[in-house]
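Note sheet for the following structure.
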There are 2 protein chains.
Amino acid sequence: MVSEIERPAPEQSHTRAVEDYLKAICVLQRETGSVQTSALAQRLSRTPASVTNMVKSLAEQGLVEHVPYYGVRLTLAGERAALRVIRRHRLIELYLIRHLGYSWDRVHAEAERLEHAASDELVERISAVLGHPEIDPHGSPIPGPEGEWQERTYPALSELMPGQTGVVREVSDADPERLRYLADLGLYPSTPVTVLGRAPFEGPLRVLVRGEEKLVGSALAAMVRVELTHEQAR
Amino acid sequence: MVSEIERPAPEQSHTRAVEDYLKAICVLQRETGSVQTSALAQRLSRTPASVTNMVKSLAEQGLVEHVPYYGVRLTLAGERAALRVIRRHRLIELYLIRHLGYSWDRVHAEAERLEHAASDELVERISAVLGHPEIDPHGSPIPGPEGEWQERTYPALSELMPGQTGVVREVSDADPERLRYLADLGLYPSTPVTVLGRAPFEGPLRVLVRGEEKLVGSALAAMVRVELTHEQAR
DNA sequence: GAGATTTTTTAGTCTTATCTAAAATCCATG
DNA sequence: CATGGATTTTAGATAAGACTAAAAAATCTC
Ligand SMILES: [Mn+2]
Ligand SMILES: [Mn+2]
Ligand SMILES: [Mn+2]
Ligand SMILES: [Mn+2]
């Protein structure tokens, strides 16, 4: 325990609402660069007007840059704060599964609240007990304590072409029911999959999962991220 | 896992502020019957005006009975809600010590926030992992899941007369520094103690703790509750 | 029992976060 | 490049919970 000598730790905590906004912006901006009001509103189940209000406040606090009518981006300070919340969330999810018998589909809701209440000390203890893991139960990377973040983006299962093969790496965790169904299908991180065929017009995919052929709707397949096997990656 | 058949559970949760007020009222009323505005204000570090406001709101929600200028008492619904929070708090404290390496003096602050964020499911899982304990790390009883509450009041160490002997059963947990010092003195639950003498005018006590004589200020001694040994209890 | 003091309540303000309805702006299309 | 539709922002309201300052009630003191 040498760490007691370290800096007294910022521990600056934002409100619950601010933390959830920052987290959402962080995840969304990873895909699209800047984040629209409507996207944020949908993700957080708020009205667009509420989002505009909060975004203005975040901008005043220096956590985001806001170009009216265009969108927001996190500043450096905003990203730091967002990664801190994401780290908490993912460590807590893994802890609940490993040490408290939680199931895959139930941890998200619990972590969504605990992430705002846990101190830095608690989070680091949890990380230590888990052996400082780098991947959460749904396959998402866990940012480091200083916000180290491993960039990686896998294509969605729904984007693959017939014949393509890969390994499931990450699954969206927001909806318990869908998550339970994905588990039934065998679609969770580290499962090898091969796309056998796909119906036109956003129709279902035929996917080979552990020797069995499964039909997967395209909305569901969009929740599943796959690392393509070697040279197949086009 | 038969419990899935049980009732869907009320899980009705109040706000963080409401929960903290109910908890404080519950603890205070155990000593004095009804609770004054000023006592509540001091305990919660709020102004008396804020307390009056909240008390009015609690009364409207049917959680307390309020006689203006006299004080509040919990209703049955209020007591149920309060015991639920106290249960959470104490289970969480014990869990943090047993499973996450927390020290005696640090758990209270952490539990003070987590008690509002943890779901009933999480709390019951924690209780199960701990083997459904009935006493928290500071010696306070843990209410049951349905609010079962074991009445017990021990005299404070500061009230004992020279010559009286007993066993420490409970220690007030609010202040980390004092708590650390009490641990140094050896004054924690299950330690046998004998009062050797006491100075007048709220002066310090001379107390025999595990063969050593210690000087304990009366304010500190008031934090320690002692079960008197057999027929000595006068 | 009349002041003086303490305690509690009232009145009014502030902050955070949300909403609905209306206005402003952007963008696609003809 | 005008206009209709979608998106975003503004305006105004509400709720929770906190505060300060002032008024009211209870209590203490002589
Ligand atoms: Mn999650
Ligand atoms: Mn959250
Ligand atoms: Mn405590
Ligand atoms: Mn609390």
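This is a predicted model, so every value here is computed, not measured. Letters A, B, ... are given to chains in the order of the sequence lines, protein chains preceding strands, and every chain is numbered from 1.
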After noting the C-alpha distance and the side-chain angles of A:Leu58 and A:Ile25, does the key distance pass the side-chain contact (heavy atoms from CB on, under 4.5 Å) rule? CA-CA 11 Å; A:Leu58 294 177; A:Ile25 294 168; 4.0 Å; yes

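- To the nearest angstrom, P of D:dG17 lies 12 Å from NE2 of B:His116.
- Computed from C1' positions of five pairs at each end, the angle between the two local axes of the helix from C:dG1-D:dC30 to C:dG30-D:dC1 equals 10°, rounded to 10 degrees.
- A ring-centre distance under 6.0 Å is not found for B:His116 and B:His14.
- Shown for residues 65-76 of chain A: residues whose heavy atoms fall under 4.0 angstrom of DNA chain C, namely A:Tyr69, A:Tyr70.
- The main-chain N or O of A:Glu65 is never found under 3.5 Å from a side-chain atom of A:Arg73 such that the two would form a donor-acceptor pair.
- Between A:Arg90 and A:Glu134 there is no salt bridge, since no side-chain nitrogen of the basic residue lies less than 4.0 Å from a carboxylate oxygen of the acidic one.
- In this entry the distance linking NE2 of B:His14 with C1' of D:dG17 reads 16 Å, nearest Å.
- Of the residues in residues 38-59 of chain B, those with a non-hydrogen atom less than 4.0 angstrom from any atom of DNA chain C are B:Ser38, B:Pro48, B:Ala49, B:Thr52, B:Lys56.
- A donor-acceptor contact shorter than 3.5 Å links the side chain of B:Gln36 to the backbone of B:Tyr70.
- The separation between A:Gln61 atom CD and C:dT15 atom P is 13 Å, rounded to whole Å.
- Of all the heavy atoms in A:His66 and A:Ala59, the pair that sits closest is CB-CB, 4.2 Å.
- Judged purely by atom type and a 3.5 angstrom limit, B:Arg113 uses its side chain to pair as donor or acceptor with the backbone of A:Ala117.
- As rounded to whole Å, 9 Å separates atom P of C:dC27 from atom CD of A:Gln36.
- Between the side chain of B:Thr32 and the main chain of B:Leu28, a donor-acceptor pair closer than 3.5 Å is present.
- Smallest separation of non-hydrogen atoms from B:Ala41 and B:Thr47: CB-C, 4.1 Å.
- In this structure, B:Arg198 contributes its side chain and B:Leu160 its backbone to a donor-acceptor pair below 3.5 Å.
- For the residue pair B:Leu22 and B:Leu74, the shortest heavy atom distance occurs at CD2-CD2, 3.8 Å.
- Remark: C1' of D:dG17 and CZ of B:Arg16 are 12 Å apart, rounded to the nearest angstrom.
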